[in-house]
Engineer: 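Sharing a structure below in structure tokens format, with a few things to ask.
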Amino acid sequence: MKILVLADAPCKAFWDYYDGTKLKGYDLILSAGDLPAAYLSFIVTFSNCPVLYVHGNHDEKYMFRPPEGCDCIEDKIYTYQGVRILGLGGSMRYRYSEAPYTQWSEEDMQKRIKKMRLKLMRSHGFDILLTHAPARGIGDQDDPCHRGFSAFLPLIDKYSPQYMVHGHVHMNYGYDVKREEIRGNTKIINAYERYVIEI
């Protein structure tokens with residue numbers, strides 16, 4: 001299965017210079033947050049596959065106008081053609097926001113994961129963890145906004161998904177930002193702008 005992953009910045013090849021062929025050939029598209037709703041609606045219109053998303057820390061506008069034709073998988077395990085995707089969006093809380101799902105404390109994220117226990121048992125785990133924030137110590141940064149969640153680490157270690165896909169830390173933040181990292185059997189992908197994975 002060929003999966004297009006997106007986050008944080010619209011890809012100009014898809015958005016500004018789209019020619020009718022660039023969104024063909026994908027089986028599934030995943031958004032790791034902080035993309036305009038109109039962009040995701042455009043993507044789902046011109047691709048021939050589902051678009052699943054979680055919220056980023058700047059997605060307050062989704063409260064009033066979510067991406068049309070796309071599926072929000074916050075706190076869900078979405079199964080598509082046998083591939084199980086667990087969605088846990090939002091970033092570490094660093095400022096006030098009225099929008100749900102955009103920012104969480106470490107304790108809040110741990111509670112969200114605990115509430116997923118029954119779903120995780122029924123699905124026998126998951127294949128892809130789709131988040132906005134990275135895991136603590138793997139692709140995150142030390143400032144309060146871009147610090148990752150420690151709660152993701154035992155989740156990865158216990159269920160050993162094939163991929164974790166996140167956004168939030170832009171590739172242009174510095175020379176040391178990595179596109180791919182590994183923890184155990186899990187490949188961790190920074191989906192900034194666009195990237196392609198296969199499962």
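Everything numeric in this text was worked out from a predicted model, so none of it was measured.
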Engineer: Should the ring pair His55 and Tyr53 be called parallel, tilted or perpendicular, given that the plane angle runs from 0 to 90° and is split at 30 and 60?
Structural biologist: perpendicular
Engineer: Assess whether a salt bridge exists between Glu106 and Arg147, defined as any Lys/Arg side-chain N lying under 4.0 Å from an Asp/Glu carboxylate O.
Structural biologist: no
Engineer: Around Arg65, counting heavy atoms of other residues, nucleotides and ligands shown, do more than 12 lie under 6.0 Å from its CZ?
Structural biologist: no
Engineer: Indicate yes or no: at least one non-hydrogen side-chain atom of Trp104 is less than 4.5 angstrom from one of Ser91.
Structural biologist: no
Engineer: Name all residues meeting the side chain to side chain donor-acceptor pair (under 3.5 Å) criterion together with Arg93; count only those two or more places apart in sequence or in a different chain, and write none if there are none.
Structural biologist: Asp108
Engineer: Are any non-hydrogen side-chain atoms of Asn172 and Tyr192 less than 4.5 angstrom apart?
Structural biologist: yes
Engineer: Measure the CG-CD distance between Leu40 and Glu68 for me, rounded to the nearest 0.5 Å.
Structural biologist: 11.5 Å
Engineer: Go through it in stages, so that I can follow the logic: the residues are Arg95 and Glu60, the test is salt bridge (Lys or Arg N to Asp or Glu O under 4.0 Å), and I'd like the CA-CA distance, side-chain angles, deciding distance and then a yes or no.
Structural biologist: CA-CA 13 Å; Arg95 63 174 170 82; Glu60 292 94 343; 2.9 Å; yes
Engineer: In Å, rounded to the nearest 0.5 Å, how long is the span from CZ of Phe126 to CD1 of Ile156?
Structural biologist: 7.5 Å
Engineer: Evaluate the side-chain contact (heavy atoms from CB on, under 4.5 Å) criterion for residues Val51 and Asp71: first the C-alpha distance (whole Å), next the side-chain angles of each, then the deciding distance (0.1 Å), finally the verdict.
Structural biologist: CA-CA 6 Å; Val51 175; Asp71 292 305; over 6 Å; no
Engineer: If only side-chain N and O atoms count, and only distance matters, is there a donor-acceptor pair under 3.5 Å linking Asp34 with His168?
Structural biologist: no
Engineer: What I want to find out is whether Asp75 reaches Lys119 closely enough, with some N-O distance under 4.0 Å, to be called a salt bridge.
Structural biologist: no
Engineer: Does a salt bridge link Arg136 with Asp142, judged by any charged N lying under 4.0 Å from a carboxylate O?
Structural biologist: yes
Engineer: Are Lys22 and Phe14 in a cation-pi setup, meaning NZ or CZ lies under 6.0 angstrom from the ring centre and within 45 degrees of the ring axis?
Structural biologist: no
Engineer: If every non-hydrogen atom of Ala7 is compared with every non-hydrogen atom of Ala32, which pair is closest and at what distance?
Structural biologist: CB-CB, 3.8 Å
Engineer: So for atom CD, which belongs to Gln81, do other residues, nucleotides or ligands contribute more than 12 heavy atoms lying within a distance under 6.0 Å?
Structural biologist: yes
Engineer: With clusters built from Ile, Leu, Val, Met, Phe, Trp and Tyr whose side-chain heavy atoms come within less than 4.5 Å, directly or transitively, what are the remaining members of the cluster of Met1, listed by chain and number?
Structural biologist: Ile3, Val5, Leu28, Leu30, Leu52, Val54, Ile73, Tyr78, Tyr80, Val83, Ile85, Ile128, Leu130, Tyr163, Val165, Ile189, Tyr195, Ile197, Ile199
